[in-house]
Amino acid sequence: MSSKGGGTALTRRNYRLSSDMDKPRATGIVNEKLLSDFLHHVFPSANQGPAVASLRKPLGFQDLGTHLERLLSEGEANQPMEGRLGPQPVVLDHTSGFEGLLFVDDDLLGVIGHSNFSSIRATTCVYKGKWAYEVLISSQGLMQIGWCTLNCRFNQEEGVGDTPDSYAYDGNRVRKWNVTTTNYGKSWAAGDIVSCLIDLDEGTITFCLNGQSLGTAFTNIKMGPGVAYFPAISLSFKESVAFNFGSRPLRYPFRTGRSGYLPLQNPPTADLLKAHKLLGYIKNVLSISIDIQVEERLVEKDCAVWRLHGEPTVLITLAHIFNHFAPLMCKVYLVEDVLMSFLLGILEGGGSVDEHPLIQQLLDLFWLLMEDYEVNECLKQLMMSLLRAYRFSPIIPDLGFQIHYLRLTTAILRHEKSRKYLVTFDVLRSVVFFYIKTPLRVKEAGLEELIPTTWWPTHFDKEGKDEREPRDESADERLRRRAYERGCQRLKKRIEVVEELQVQILRLLLNNKDKTTGEASRYIFLNKFRKFLQENASNRGQHPTALCPPEYMVCFLHRLLTAVRACWDESSRKCPGSISSEDAYVPPQLFYNGKVDYFDLQRLGGLLSHLKKTLKDDLASKANIIIDPAEIQAASMDDLDEDEESGAAQRPFGAAAMGGALARPSWLSSPTLGRANRFLSTAAVSLMTSRRPLTQPEKVKVRTLAVEQRTEDDIEGSHGSDGLLLGRPLEEPDQPVADKSLLEILDGIVMMYNLSVHQQLGKMVVVADDVHEYAVALKDTEEKIARCPARRPDILEELQKSQKVFAEKLNHLSRRLAWINATIYSKEKMLDVYWLLCVCIRTIEHADNTGSLFAFAPEFYLNVAMNAYSALKNYFSPVNSMEELPGYEETLTQLAAILAKHFADPRIVGTDIKDSLMQALASYVCYPQSLRAVERIPEEQRVAMMRNLLAPYEQRPWAQTNWILVRLWRGCGFGYRYTRLPHLLKTKPEDANLPSLQKPCPSLLLQRHMAELLSMDKDMAASFLNSVLNQLNWAFSEFIGMIQEIQQAAERPERNFVDTRQLKVCATCFDLSVSLLRVLEMTVTLVPEIFLDWSRPSAELLLRRLAQLLNQVLNRVTAEKNLFDRVVNLRLPGLESVDHYPILVAVTGILVRILVDGDRQGVSRAASVLLSDPCFQLHSIQHLLGEGVESSGSSAGVSSTARTVVGSLGSSVTPPIRSAAGNSSERRHFSLTCFLSVVQPTSEEDLCPICYAHSISAIFRPCSHKSCKACINQHLMNNKDCFFCKATITGVEDYSKPAAS
């Protein structure tokens, strides 16, 4: 429909003028007089008035061009400006005026710091007059913005404001700088605009924030001949801004008439005058119509109801106007100042966007009368101007600015042709449209009016947590809380208006019915969306400046999820029997059929190229898919080049930056929003060839399909093709999906959550934590004021000052928290995350049913399932509770089944995802509700989980496994009912929500499964316990070695500092030793026959090894004035958990079970082995019991003052919980006196020649060498050769010494 009127001069030949003989009613052409009146009304002369109306010359189309040019030439020409030196336009000096490493946008107005403290100045300076420029703040970090002279020399430590002739404002530290620094101004935030004003007539510099003056910053600045000031900035690493020297209208102009501050760059005055005149002529056309039906006359009308009906007179008139107007609308200044203001004015009347069809009519006119390239450029500049306006608008109580710009964006996107171009132009850079920024300055945002009454928690439990419903809340507190909640609701309703507009924009972009002018908007959006995800996934962890900020991603995810669910439900209603959004999931075939690009993201089974080679037969048999051999070969070639690529990837980042090979921070790194970067090139994306869809029953040869090459048929399918659902495995139900394209968008939403949304949800919790900390501090201060004696008014005064500071801070933070709760942690946002969790669970379950093809599933589905549950549990409370979610318990059970099954799934090969699954399961069993969910999964899965947990600890990360077993036991063990260690009860925990600080909640059901497994599977029990004993030996030995080093460092005369990392490792080894001892206690309690029933293989060996390790631990910990005592008494930070109590009660629990609670034979065997161990020392047992025995010359004697380590802390623990093996025996006592006779003196010839600790009790066949049973059993576990002669041992027989003759 594009005409040539936008760029071609109109001639008389183009338009036939009507005469009286013509038929105007049929053709729409009017007579000459009416035409002349119409044209004079549309194009009035400056001196035209009622008196000269009758004398004016007739005007027709043949004279209109000349007449219009004469009208446009009237006006003022640009006046030269004095007091300024430098080129126009004004840009940043990227050739010589910078210091450090910077990224400068291609328009030379946006800049990102990429070194410690980089500086850059503009190309133009001023020496007299009043001048201004604006800086759009994109990040609120360390920056110094202001003015400098040419003589200023900057470096990586000193920037603008640090030299004598430079002046700067720093909103991060709220200071002004000119060699020295003082407090000045307000703190800035991302989205603010700083105006920098210099008055070289008065010698002053002033700064403004969002149009509000911060006061004169500097006076008596240096002036005179040779002194001129450049705009300049210094900024630290990753900080970014954009300058506006006048290339666009200043957002906050400080000019009245001809006086005031001028922008450094001349505005296009002549073009601006023309544009305003032409816009006035367009308005005249819209506000008048020619009535040719009744009588030929001009009729005034409301331009809002104007329609493009195709009248030749009107169209020819508009074509003449657009001949001049179209080229002007390609200039950003004119688009922002003229066109955007006009379109915003149309919507000022309020009402819905549908009530203002004029914008749609104007856009039709643009596409009709302008060249395509002119419309494209105009729309692009219009959208960029709207983006900047939305992003840098201040927050006001009714969010009026944001609503205004979103309404215009919605109106533009309602126009089909414009929408499709803007999506193609990549409107996803404008994720900023879906962001609602959090105000840093509460007062300016109007939150004091919205929420006049503030409230914060004042009741805390013993662990420092907020009580959700305090019982002793006073009437005044209740009133304040309810008033605060009403204010929060008012704020939430206003925010919901903005969110609804944002969802409307996405609903327009997801339109799949607008196919009349080419591909539907949804499929254009989908391809751009995948590219957006690719850019953020590929640059993650490498070039942070190239990523979409996580705070933007959070809002975008929620709006997109809402829009997708609405589209999904709308489609499912039209297609009965299809999956509803409540049951949505991503079918597993998307992961392997090549229709969706996952940009080399890790799969559960490893790299995709490896899976295609190893599972190609499974793909053919289960999904009727044959991988293209050419692609397998290409993947093999890629593997050959892997070393070279990895080498390139490991080059120093700085070298890559200097070489100019970094990926451009394209989407939003600076406020210019979409300029190519001058110093950076966009990373290339490899493209694969597309494939032809075939019918399902055939074997389909597939290759990975490039995003750019996909069509609607590739996504939705047609003519028997399944589109995205190609390759459905037999296990997958054949349930229709109304819109397959929504599946891919849903897949992208899950990926978005994994990329940065979860981390951002965790970061925003810090505001709630700050409120809690200040509330605790305020309550503590008020209690101190109440206790302060009257004779100390000085202390009272200081306490009252602190009270005032805390109260002011809480007033501010509670209002900020209300905003954050409404935008991020509201009930609706919680339901979004919960729905995403359910989607991931269903997706994993369906993928799991495919057997070996489960390996193709991306890792991020498991990550999102675990992280979403963590967010629901930790981030959305206490404002919202998980228990209120629909189907909450069933979802917990489903997630528990996934964790229980897949933490040891051989199909999952990634180390990181395995660790994440193990950690998630370990956290799951720490909380009563989630632990009960584990107990609700089918018994077969529970037993399989316990079998995996009891696998040998060698060759796998065992610490988390051991932790899980400990949590299942905690609460049943000896002295093991504490939440925190008794000696730490007087200190407050850093985070009371940590899994390790939860109250004991043992699982008797899982304990029973463990007992059954260890009892029935003797080989598994032996290998498991051997591995536990091995790890205990290692962990305790490492711990002892480290505390020796710590003690030596502490005893040196010179000042020494023990490495905090070494202290952390030392404490970790101690904690591991304690947890391993608890697992042994658990095993001994549940299945004592493993050690005491010597008919079982390895039982005697396991008991001897256990006794040996117990004696080692006791000897090290209980000796008088030993190394352990000295290190514990140092009370070093980081070693708080290292104490006598946790390790000795664990050992005591084992000893009680084998020496007190067992049957007579078992107790006899245990005592015999314990006493016969060479390391046994009686004083260790006496130390535990607090018994003093006379020395009698034996090294086993101890002082009568030996303290009772276990008994002294008995009051610190709660009553015991019954275990699966029965009652605890913590309060029973025992004595070893009756067992001393068990140990018989033995001659040296009868001792085992290997250990020299036990009597010879076994003989080897066929070589007849001898040893004790313990040594040969331990030796045969790893080697079948004789210890002495290396002959292969075929059997071991009992040996007893023959009786003496």
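Just so it is clear, the structure is predicted and the values come from calculations on it, not from any experiment.
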According to side chain to side chain donor-acceptor pair (under 3.5 Å), who are the partners of Arg414, at least two apart in sequence or on a separate chain?
Asp354

I'd like to know if Glu134 and Arg248 make a salt bridge, using a cut-off of under 4.0 Å between side-chain N and carboxylate O.
no

Between Phe325 and Lys274, is the side-chain contact (heavy atoms from CB on, under 4.5 Å) condition met? List the steps.
CA-CA 8 Å; Phe325 189 66; Lys274 286 182 183 179; over 6 Å; no

Do any pairs count as a salt bridge (Lys or Arg N to Asp or Glu O under 4.0 Å) and have a residue in residues 821-833, sequence neighbours left out, and if so which ones?
Lys492-Glu828, Glu499-Lys829, Lys827-Glu884

Assign the ring pair Phe876 / Tyr825 to parallel, tilted or perpendicular, where the plane angle (0 to 90°) is split at 30° and 60°.
perpendicular

Between Glu336 and Arg388, does any side-chain N to carboxylate O distance fall below 4.0 Å?
yes

Any carboxylate oxygen within less than 4.0 angstrom of a Lys/Arg side-chain nitrogen, looking at Arg507 and Glu570?
yes

Contacts satisfying salt bridge (Lys or Arg N to Asp or Glu O under 4.0 Å) that involve residues 809-826 (not counting sequence neighbours) are none

Report yes or no: is the cationic atom of Arg482 (NZ for Lys, CZ for Arg) under 6.0 Å from the centre of the six-membered ring of Trp455, at an angle within 45° of the ring normal?
no

Counting the benzene-type ring for Trp, do Tyr405 and Tyr390 have ring centres under 6.0 Å apart?
no

Flag the pair Arg481 and Glu485 as a salt bridge only when some basic side-chain nitrogen lies within less than 4.0 angstrom of an acidic carboxylate oxygen.
yes

Ion pair Arg494/Asp398, N-O distance below 4.0 Å
no

Does a side-chain N-to-carboxylate-O contact under 4.0 Å join Glu535 and Lys531?
no

